[in-house]
Each structure stands twice: as structure tokens, then as C-alpha cells.
Amino acid sequence: MRVLLVNMPWSPIDLPSLALGILRRSVDERTSGHADVLHANLEFTDWITRRTEFTADDYQFYALSSYFMGCGDWVFSSALYDDPAWRVPEFRASMRGKLRDERIRMSEELHRVVPEFVQETAERIVAAGPDVVGFTSTFQQNTAALAAAKYVKRLAPHIVTVMGGANCDGEQGEAGHRNFPFLDYVVRGEGEAAFPQLLTTLDEGGDLSAVPGLCHRSPGGTSTANPMSTSPLPPATILPPDYSGYFERLASSVARNWVEPKLVVEGARGCWWGEKHHCTFCGLNGSFMQFRSKSPDTFYEEIMDLARRHRVLDMYVVDNILDMGYLSTVLPRIIDSGYDLRLHIEIKANMRRPQLRTLADAGMIYVQPGIESLNSRVLDLMDKGVSGCQNVRMLRDGAETGLSVSWNYLHGFPGETAADYEPVIAQLPALEHLDPPVDLSARIAIERFSPYFNRPELGFTGLRPEEHYRFTYDLPESELYDLAYVFEAPERGIGETTVTSLNDALGAWRKHHVDSRLTHTDLGDRIVCVSRRRAFDWGAMELTAPLEIAAFRLLDQPHAPAALTRKLAARLPEHPVDEAAVHTLLQHWVTLGLVFTDGGQYVHLAPAAVNEDLLRLDFMRHRHAVPAAQQTPDAPRAVVHA
Ligand code: SF4
């Protein structure tokens with residue numbers, strides 16, 4: 001059986017598809033068939049740049065930045081509905097005021113021409129003569145994948161069409177299969193077991209209803225969905241990806257001048273935090289929250305094997321959260337390997353400095369901790385399991401250890417008030433030397449699979465599929481409800497006045513970060529702090545009093561005044577210490593921007609002086625090369641990380 005796996009736009013162009021890499025291997029190893037991959041995202045890049053001005057930034061916009069506006073999916077809806085003018089007025093009306101006129105014009109132009117690309121792609125697929133064509137659909141790939149499946153079916157009804165991927169999880173897959181009859185099968189959930197099982201069943205005959213999660217049709221044409229597996233795949237059965245062909249195809253594409261390609265590796269699925277405390281806004285883990293990780297030996301060998309085979313040292317680790325066991329198993333081996341890897345990884349924000357140092361030493365220099373807010377009460381509302389001071393400590397220690405910290409600020413949580421934000425906003429000028437969020441604060445979106453979606457009692461009722469689904473698909477709202485991943489709901493939490501204040505402060509942070517500096521050097525008998533931040537008029541300061549030196553050292557970790565007073569008294573038995581004096585000192589340091597306070601705790605803000613300015617320049621250089629899959633969309637209303 002010949003299988004062609006297709007990666008349609010708007011899949012990232014700087015990364016091979018992990019899903020198709022795994023599926024390809026699963027076909028080759030677990031069936032009698034053979035699979036090839038068509039990198040139609042790269043084909044599209046070459047196709048469109050031959051016709052019109054189109055840049056890497058444009059691709060990035062449709063692949064990712066516009067995710068919550070659905071622009072990438074709308075572009076290919078013209079192909080899906082065989083109408084180059086499909087719902088143009090609706091798109092224009094919706095985007096006016098949100099997008100520049102130039103961007104709206106480009107979207108409409110793409111919308112007009114992409115049916116031709118889909119037709120050519122379908123002809124190419126048919127010419128390759130596969131028995132089965134499989135489309136992966138994640139993020140804004142859905143309409144392009146659907147349209148290509150439709151055209152293939154029209155050209156060659158004998159070719160079996162299959163779709164899978166994150167957009168097919170749970171009800172979404174059922175809705176896709178139910179509403180698009182040119183899809184013969186939809187694989188829901190983890191595909192590396194179900195897809196080969198489907199192929200073997202098709203090849204040898206057998207019972208389709210035995211394939212977990214599969215959507216298939218009865219002889220009468222009615223869509224039927226098999227129950228999804230109740231337990232996720234054990235980690236030992238998760239195959240390493242086969243990326244043959246991607247780097248070669250990229251090398252011959254115009255995209256080779258646009259991006260630094262990266263390998264994609266996977267150590268774990270699910271989330272060990274979310275198993276116990278599902279962050280209220282997070283739909284990231286889909287149907288399977290249960291955390292599973294590959295054995296350290298397996299993961300290490302996969303990393304090394306891929307690096308050797310493709311001679312690429314930049315890697316994006318897709319895990320939603322790091323297996324903390326890897327800190328003492330995989331990472332030390334990477335450090336000793338002699339390979340100068342650069343890894344992008346998502347971590348929990350309460351990791352301590354020695355752990356961060358291990359990450360940095362292993363080359364995991366681009367970290368994405370789930371910071372989301374600097375206020376403990378808001379963090380509690382999202383069940384994040386970290387405090388505002390811990391998040392600030394993460395930013396400080398990230399700077400000290402040379403990690404580039406990528407994070408988002410979110411708002412709009414039921415129960416939050418302006419009073420939660422105002423003290424943080426007032427302190428943001430003191431943080432300008434630390435990595436700012438990747439964008440301004442965004443109101444959260446309601447994601448399928450999240451507690452906010454599943455539990456209306458948490459504050460979000462009256463959910464509707466986001467507007468863009470309505471002008472992209474020709475489906476009634478009840479069907480869109482099952483197809484959609486992102487939902488709109490009445491706004492909760494802070495009002496626009498507070499949002500504006502917050503974003504003004506975050507905007508200033510982003511603007512002034514490169515020129516801002518605060519460090520400390522502990523010389524034993526004194527601590528020297530050096531500051532260059534626009535909101536503070538002091539440049540250097542020495543802490544010489546024993547009480548100050550001891551307090552500053554203790555504030556390496558968040559402390560409440562009472563606990564700090566107790567520890568100071570124990571450390572300085574010859575110096576009388578009372579809580580009022582400690583409180584006065586802390587307030588003074590807040591005024592100087594030397595400490596941050598939230599939720600009754602205090603933590604100092606000064607990374608130890610290291611060569612951090614050079615690291616920051618490196619960060620700025622690489623920030624533009626962060627893989628698309630890692631970046632949160634420009635207009636984000638949700639996050640994609642721990
Ligand atoms: S936001 Fe991160 S830590 Fe929270 S449940 Fe989702 S993946 Fe887990």
C-alpha cells in the first residue's frame with residue numbers, strides 16, 4: 001500500500017512536521033506499506049513567491065500570528081468552497097480596524113488565487129499514485145487540508161482520503177468527518193497506532209469499528225465515530241520521527257533564505273502539573289492530559305541520532321512541560337556529549353536557579369515558562385501553582401543564567417479586579433532589565449478541552465465559536481460548535497481602563513528593555529548594585545550594613561516580612577531586628593526598584609553581574625528565529641505552553 005502524507009500550508013516552514021515524521025515511520029515499520037511526505041507548505045511558499053510579493057513575515061502571519069483571527073484558514077476557504085470570492089465582505093467587515101488595509105488586501109488576493117494552488121497540489125498527489133493520502137491538520141491548516149482532500153477526491157475517487165492531527169481531536173474530528181463527505185476517514189487522538197491499524201484493515205480486510213477513535217462511514221454513508229481510546233499510548237510505543245526529505249526540500253526552496261531550520265523532538269506528552277491542577281485556560285493537551293515521557297536513554301539517543309543524521313543543532317522540544325527527571329538524566333548526558341545543541345523548551349516557572357543552570361549548560365537556552373501573570377491572586381484564579389514573586393524570580397534567574405525567557409501576559413480571568421493589577425503595573429518599570437513578555441497582554445480565549453470550556457461554573461457561559469469560524473465555514477452554528485477550538489464568551493475580569501494601563505507599561509518595558517540594566521555583585525562585606533533604568537535615578541548603590549546585606553541575600557528567594565525578620569534575627573544575633581524596621585527597609589527597596597512585592601512577599605530583582613548584555617544581544621538576534629510553533633500568536637488570547 002502506497003501512502004502519501006501531506007503537510008499543507010500554514011504549517012511552519014522552519015520545522016519538519018513531527019506528526020508526519022512519526023506517521024511515516026509508523027507506516028514503514030508497522031504495516032506492509034510505504035509512506036512519503038509531500039511538504040506542501042514549502043511548495044506553497046515557492047508557488048506564491050513566483051506570483052506575488054510574499055515574505056517570511058507574511059507566512060508567519062498566516063501560520064501563527066493571526067491564529068485567533070483565523071486569517072490563514074479563511075484564505076483557503078475559497079478553495080474549500082470552490083468560490084474565489086467566498087465571504088469576502090464578511091471577512092473585510094470583521095477585519096476592519098483589526099488589520100492594516102495592506103494585510104486585508106493581501107488576504108483577499110491570496111484567497112482569490114489559492115484554489116489554483118490546491119488544484120495543482122491535488123493533481124500532483126494523484127500523479128504520485130498513492131492508495132491513501134493522509135492530511136495532518138493543526139492550527140490554521142484545516143481549510144487547506146480539507147480543500148486538498150476535496151480536490152483529490154474529485155480527481156481520483158479511488159484514492160482513500162484520511163485526516164488527523166490536533167484539529168481532529170474529540171468532537172472536532174467527528175464534526176469534520178460528518179460535514180465533509182470527501183474525507184473517507186478521520187483519525188482522532190494519537191495517530192501512530194490508529195493510522196497503521198486503519199491501513200492494515202483496509203489492506204487485509206477487517207473490522208473498521210475496531211480502530212480506536214476512527215471516524216468512518218456506514219454503507220449508507222452515515223458518519224460513525226468509534227470511541228476514542230480511554231488511555232493514552234505508553235511512552236515506549238511513541239516512535240521517533242523520520243524527517244527524511246524535509247531538509248533537502250527546504251534547501252531547494254525560497255524559504256531556505258527565510259528561516260533557520262530546526263529539528264523537532266518529543267520527550268513527553270501530556271502535563272504532570274495539569275494532571276493534578278489543570279490550568280483553567282489551557283486546552284493544550286486535548287483529550288489526554290496524562291503525562292508520559294520516553295525513557296532517558298531513548299530520548300537522548302533520538303536527539304543525538306537526529307542531530308547526527310541531519311547535521312542540525314537547533315532543536316525545538318515540543319513537550320508541553322519538561323520531565324523534571326530529565327534534569328538528572330538526559331541533560332547531563334547532553335552536556336557531556338560535546339554537541340553544542342540549542343534547544344527550545346517549555347518549563348514550569350517555579351524552577352530554581354541550579355535547575356535553570358543545568359538547562360543552560362545543556363543548550364536549552366530558549367525557555368518558555370508559563371508565567372502568564374505577575375500577580376499571585378490572578379495566578380491562583382488560573383490554578384497555575386506559582387506566585388507572582390516566583391515568576392519574577394524566574395525572569396531574574398533566567399537573565400542570570402543566560403536563558404532567553406519567552407512568556408505571555410494574560411488577563412480576563414473571572415474574579416480578577418483592577419486592584420490585582422494596579423500594584424504590579426506600578427512596579428513594571430523596575431523590571432525593564434528582565435525579559436519582557438513577547439507581546440502586550442491579551443485577553444484569554446476559551447479553548448476546547450480547558451476547564452473554562454468544560455466547567456461553566458468557573459465563569460464563562462454562553463460560549464460561541466469565534467467569529468472567524470462563521471465566515472470561514474458554510475456550517476450551522478451547532479456544527480461549528482463541534483468543529484471549533486477557540487470560543488468567544490462575554491468578557492470577564494478587568495475592564496479596558498486597566499488593560500490600557502497594563503499594556504502601556506508592558507509596551508514601555510518592551511521598548512526600553514535593551515537599554516535597561518540592574519545587576520548585583522556580592523563582594524562578601526558589601527553588595528554593589530548597578531542600575532540603568534529610566535524610572536530610577538540612581539546608578540550604583542552599595543549595601544554595607546549587615547542587616548541590608550543579609551536581607552538582600554535572603555531575598556534571593558521570595559519572603560514575607562515576618563519570615564524574613566525571623567531569619568535575619570537568627571543570622572544576626574548581635575543585631576536587634578524588628579519586623580517594623582524590616583518592613584521599612586523593604587518599602588524603601590521597592591521605591592528604589594530593587595525588590596518586587598506581590599501577595600505579601602518580596603524578592604530582589606538584581607541578577608548577579610555576568611556577561612548578560614552580550615547574552616541579551618544574542619537573545620535579540622535569535623528572537624526573530626524562534627520557531628513558529630514556539631511563538632504565541634501576535635494577537636494572542638491564549639498560550640501554548642506550560
Ligand atoms: S498551561 Fe502548561 S502547566 Fe498548565 S495545564 Fe497547560 S500544559 Fe500544563
Side-chain angles (χ1 to χ4, degrees), residues 18 67-68 138-139 166 169-170 190 232 235 264 266-293 316-327 344-352 355-356 359 364 366-388 390-391 393-395 398 405-414 416 437-439 441-455 458 460 485-487 629-633 636-642:
L18 175 70
Y67 178 64
F68 291 101
T138 302
F139 288 114
D169 200 357
E190 296 170 299
V264 185
E266 179 183 42
R269 292 182 186 173
C271 174
W272 48 260
W273 173 258
E275 279 185 89
K276 300 189 186 78
H277 300 269
H278 192 165
C279 300
T280 49
F281 59 87
C282 173
L284 198 54
N285 295 283
S287 300
F288 293 121
M289 180 62 82
Q290 196 175 317
F291 186 72
R292 304 142 279 159
S293 60
Y316 176 55
V317 186
V318 293
D319 307 2
N320 291 336
I321 194 164
L322 178 71
D323 179 344
M324 297 299 278
Y326 288 166
L327 282 167
H344 307 246
I345 181 95
E346 295 173 18
I347 59 173
K348 193 111 178 73
N350 57 3
M351 287 179 77
R352 306 293 280 266
Q355 297 170 318
L356 296 178
L359 293 182
M364 295 193 165
Y366 304 101
V367 295
Q368 194 171 6
I371 288 182
E372 335 296 10
S373 175
L374 301 180
N375 176 269
S376 297
R377 213 183 76 80
V378 178
L379 288 160
D380 282 348
L381 289 173
M382 52 180 114
D383 212 358
K384 209 67 187 104
V386 290
S387 67
Q390 283 175 318
N391 278 343
R393 181 188 67 187
M394 170 76 221
L395 293 173
V405 181
S406 176
W407 63 287
N408 303 282
Y409 213 114
L410 299 176
H411 64 264
F413 297 90
E416 68 181 18
V438 294
D439 209 331
S441 181
R443 195 168 282 282
I444 53 163
I446 309 303
E447 298 180 355
R448 184 181 293 283
F449 307 112
S450 70
Y452 280 148
F453 178 78
N454 288 325
R455 296 171 54 199
L458 293 180
F460 288 103
Y485 179 74
V486 192
F487 295 81
Q630 185 193 6
Q631 293 184 356
T632 300
R637 293 195 292 131
V639 289
V640 284
H641 56 71

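Whatever order the structure lists them in is the order used to number ligands and atoms, beginning at 1. Throughout, numbering of the chain's residues begins at 1 and tracks the sequence.
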Could you tell me whether a side-chain N or O of D383 sits under 3.5 Å from a main-chain N or O of H277, the two making a donor and an acceptor? no
Any atom of ligand 1 sitting under 4.0 Å from a heavy atom of N285? yes
Residue pair I347 / L356, side-chain heavy-atom distance below 4.5 Å: yes
Parallel under 30°, tilted from 30 to 60°, perpendicular over 60°: which one fits the rings of Y485 and F449? tilted
Checking only N/O/S atoms, does C271 have one that is under 2.8 Å from atom 6 (Fe) of ligand 1? no
Interatomic distance, N285 atom CG to F291 atom CZ [nearest 0.5 angstrom]: 10.0 Å
Ligand 1 versus C279, non-hydrogen atoms closer than 4.0 Å: side chain, backbone, both, neither? both
Should the proximity of K384 to ligand 1, defined as any heavy atom under 4.0 Å, be assigned to the side chain, the backbone, both, or neither? side chain
